[in-house]
Chemist: 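The structure is given below, and queries will be raised subsequently.
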Amino acid sequence: EKKRKSYQQKIDSNNLHSKAKKLLEVALEKKSNLIASADVLTTKELHDLAEKVGPNIVALKTHIDIITDFDYDKTIIPLIDIAAKHNFLLMEDRKFADIGNTQELQYSYGIYKISNWADLITSQVIGGFQSLDFFHNSGVIAILGMSSAGTLTDKNYRDEATKIAQSHPNVIGGVAQNELPEELLLFTPGINLDTKGDGKGQQYNTPEHVFRNLHTDFIIVGRGIYKAENPEQASLSYKIAGWDAYEASLG
Ligand code: 6AU
């Protein structure tokens, strides 16, 4: 079996983006490769979840446009404080998918002002290389392959998208269900310890599977944590499962 690079080896590599470095450092410090997906609907639920899972995660992933009572000062400012307190990054899963100029506007304006607070953002690469040029304040995570049944991200698409990711200086990694070139950090959603799917197209794997077979760097867990009876305990379970799987994958 091919050996994977450790987080420390990745930190030591040349030309590492500052957000990638920070993420890897937090991973080593907290012994965690867990990103919790906070797909909740209110500011209170978002803050409560962030407080509970904060000690166990490297990043909190948001879909900020699903927050029904969104208010920049009430939603974002406290969230930034919670992230600082528990030492995790903020990742906005916006999945930008437009021309560069429109993405630039969506990234910085409107009510969410993502560029002010998101350490990491996700973006499709469907708009081509230059569409990614305007995410100045965040590390970009390119959507290369999706976890849902019947996704259009076939091998040809993924290969071309990966070339864009590799050659774009803002891109720190990709969301995918396959192994990536080692200079890209691999973020894998579709992780659940208890179930194989959600009846809506989502397909789940275990941390063990993705670290061993894909050499994943970070797992993304949504409902496995925020829908659990005890999200704090669930985040600890996923943190331990993810870290054990990472260590096992080092061989
Ligand atoms: O664990 P779940 O199924 O409750 O949530 C998975 C989270 C959701 C999705 O929007 C997101 O991960 N996601 C992504 C991301 C992170 O970009 C890509 C993908 O292919 N599949 C996927 O589920 O917030």
Chemist: So, the side chain of His47 versus the backbone of Pro78: is there a donor-acceptor pair under 3.5 Å, distance only?
Modeler: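 Looks like no, no N/O pair under 3.5 Å.
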
Chemist: So, Glu92 side chain and Lys61 main chain: donor-acceptor pair closer than 3.5 Å or not?
Modeler: no

Chemist: For Leu90, is there any backbone N or O sitting under 3.5 Å from a side-chain donor or acceptor partner on Asp119?
Modeler: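 Between the backbone of Leu90 and the side chain of Asp119 there is a qualifying donor-acceptor contact (under 3.5 Å).
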
Chemist: Would you say Ile240 ends up clustered with Ile225 if hydrophobic residues are merged whenever their side chains have heavy atoms under 4.5 Å apart, either directly or through other cluster members?
Modeler: no

Chemist: Rounded to the nearest 0.5 Å, what separates atom CG in Leu186 from atom OG1 in Thr216?
Modeler: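 Going from CG on Leu186 over to OG1 on Thr216, the span is 4.0 Å.
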
Chemist: Please answer whether the main-chain N or O of Tyr238 pairs with a side-chain N or O of Trp243 as donor and acceptor at a distance below 3.5 Å.
Modeler: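 Looks like no, no N/O pair under 3.5 Å.
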
Chemist: For the backbone of Gly128 and the side chain of Ser131, can you confirm whether one donor and one acceptor N or O come within less than 3.5 Å of each other?
Modeler: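 Yes, the answer is positive, given that a donor and an acceptor are paired below the 3.5 Å cut-off.
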
Chemist: Do Leu89 and Val58 come within less than 4.5 Å of each other through their side chains, counting heavy atoms only?
Modeler: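 Leu89 vs Val58: side chains apart.
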
Chemist: With side chain to side chain contact (heavy atoms under 4.5 Å, CB included) as the test, pick out the partner of Ser235 among Val53, Leu49, Val221.
Modeler: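 It is Val53, the one option of Val53, Leu49, Val221 that forms the side chain to side chain contact (heavy atoms under 4.5 Å, CB included) with Ser235.
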
Chemist: With distance as the sole test, does Ser147 use its side chain to make a donor-acceptor pair with the main-chain N or O of Gln203 at under 3.5 Å?
Modeler: no

Chemist: Taking atom NZ as the centre, does Lys21 end up with more than 12 heavy-atom neighbours from other residues, nucleotides or ligands that are less than 6.0 angstrom away?
Modeler: no

Chemist: Under a 3.5 Å distance rule, please check whether Gln124 uses its side chain to pair with a backbone N or O of Phe96 as donor and acceptor.
Modeler: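 Answer holds: no.
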
Chemist: Look at Asp159 together with Lys155 and state whether they make a salt bridge at an N to O cut-off of under 4.0 Å.
Modeler: yes

Chemist: Starting at NE2 of His17, measure out to CG of Leu23 and round the result to the nearest 0.5 Å.
Modeler: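 The NE2 atom of His17 sits 11.5 Å away from the CG atom of Leu23.
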
Chemist: Check this for me: Leu236, atom CG, are more than 12 non-hydrogen atoms of other residues, nucleotides or ligands nearer than 6.0 Å?
Modeler: yes

Chemist: Roughly how far apart are Leu24 CG and Ile11 CD1, rounded to 0.5 Å?
Modeler: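 That separation rounds to 5.0 Å.
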
Chemist: Could you see if Ile64 belongs to whatever hydrophobic cluster contains Tyr109? Use Ile, Leu, Val, Met, Phe, Trp, Tyr and a side-chain cutoff under 4.5 Å.
Modeler: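 No, separate clusters.
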
Chemist: Check step by step if side-chain hydrogen bond (donor to acceptor under 3.5 Å, both in side chains) holds for Asp98 and Gln106.
Modeler: CA-CA 10 Å; Asp98 214 311; Gln106 291 169 325; 4.8 Å; no

Chemist: Checking the side chain of Thr195 only, and the main-chain atoms of Gly197 only, is there a donor and an acceptor separated by less than 3.5 Å?
Modeler: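 The answer is yes, because a donor-acceptor pair under 3.5 Å joins these two groups.
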
Chemist: Using every non-hydrogen atom in the two residues, find where Thr42 and Ile67 come nearest and quote the distance to one decimal.
Modeler: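 Smallest heavy-atom distance, with atoms named: O-CD1, 3.9 Å.
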
Chemist: Taking Leu60 as the starting point, is it possible to reach Val40 by hopping between hydrophobic residues whose side chains are less than 4.5 Å apart?
Modeler: yes

Chemist: Can you tell me how far apart CZ (Phe135) and CD (Glu104) are? Round to the nearest 0.5 Å.
Modeler: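 Rounded to the nearest 0.5 Å, the CZ-CD separation comes to 9.5 Å.
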
Chemist: Shortest non-hydrogen contact from Phe211 to Ser249?
Modeler: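 In this case the closest contact between Phe211 and Ser249 is O-CB, 3.5 Å.
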
Chemist: Scan Asn178, Thr153, Thr151 and name whichever one has a side-chain hydrogen bond (donor to acceptor under 3.5 Å, both in side chains) with Arg158.
Modeler: Asn178

Chemist: Using a strict 4.0 Å threshold on nitrogen-to-oxygen distance, state whether Arg223 and Asp39 make a salt bridge.
Modeler: no

Chemist: Run the ring-centre check on Tyr107 versus Phe134 and record whether the distance is less than 6.0 Å.
Modeler: no

Chemist: About how many Å separate CD of Glu51 and CG of Leu79, when rounded to the nearest 0.5 Å?
Modeler: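 Leu79 CG to Glu51 CD: 10.0 Å, rounded to 0.5 Å.
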
Chemist: Please check this pair: side chain of Ser32 against backbone of Leu34, looking for a donor-acceptor N/O pair closer than 3.5 Å.
Modeler: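 Checked: pair present.
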
Chemist: Hydrophobic clusters here meaning ILVMFWY residues chained together by side-chain heavy-atom distances under 4.5 Å, can you tell me if Leu41 and Tyr72 are in one?
Modeler: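 Different clusters: Leu41 never reaches Tyr72 through Ile, Leu, Val, Met, Phe, Trp or Tyr contacts under 4.5 Å.
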
Chemist: Tell me whether Ile66 is reachable from Ile121 by hopping between hydrophobic residues (I, L, V, M, F, W, Y) whose side-chain heavy atoms are closer than 4.5 Å.
Modeler: no

Chemist: Is a side-chain N or O of His63 found less than 3.5 angstrom from the main chain of Asp65, in a donor-acceptor match?
Modeler: no

Chemist: Between Leu46 and Thr62, is any pair of side-chain heavy atoms under 4.5 Å apart?
Modeler: yes

Chemist: For Phe129, which residues count as a ring-ring contact (aromatic ring centres under 6.0 Å, His included) partner, sequence neighbours excluded?
Modeler: His168

Chemist: Can you tell me if NZ on Lys113 sees more than 12 non-hydrogen neighbours from other groups inside 6.0 Å?
Modeler: yes

Chemist: Any chance you could lay out the side-chain hydrogen bond (donor to acceptor under 3.5 Å, both in side chains) test for Asp69 and Thr43, step after step, and finish with the verdict?
Modeler: CA-CA 6 Å; Asp69 59 350; Thr43 295; 2.9 Å; yes

Chemist: Check the angle between the aromatic planes of His86 and Phe88 and answer parallel, tilted or perpendicular using the 30° and 60° thresholds.
Modeler: parallel

Chemist: Measure the spacing between CD of Glu25 and NZ of Lys10 and express it to the nearest 0.5 Å.
Modeler: 15.0 Å

Chemist: Within a radius of less than 6.0 Å around CD of Gln130, do more than 12 heavy atoms belonging to other residues, nucleotides or ligands occur?
Modeler: no

Chemist: Just one of Asn33, Asp12, Asp217 clears the side-chain hydrogen bond (donor to acceptor under 3.5 Å, both in side chains) bar with Tyr7, so which one?
Modeler: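 Running side-chain hydrogen bond (donor to acceptor under 3.5 Å, both in side chains) over Asn33, Asp12, Asp217 with Tyr7 returns exactly one hit, Asn33.
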
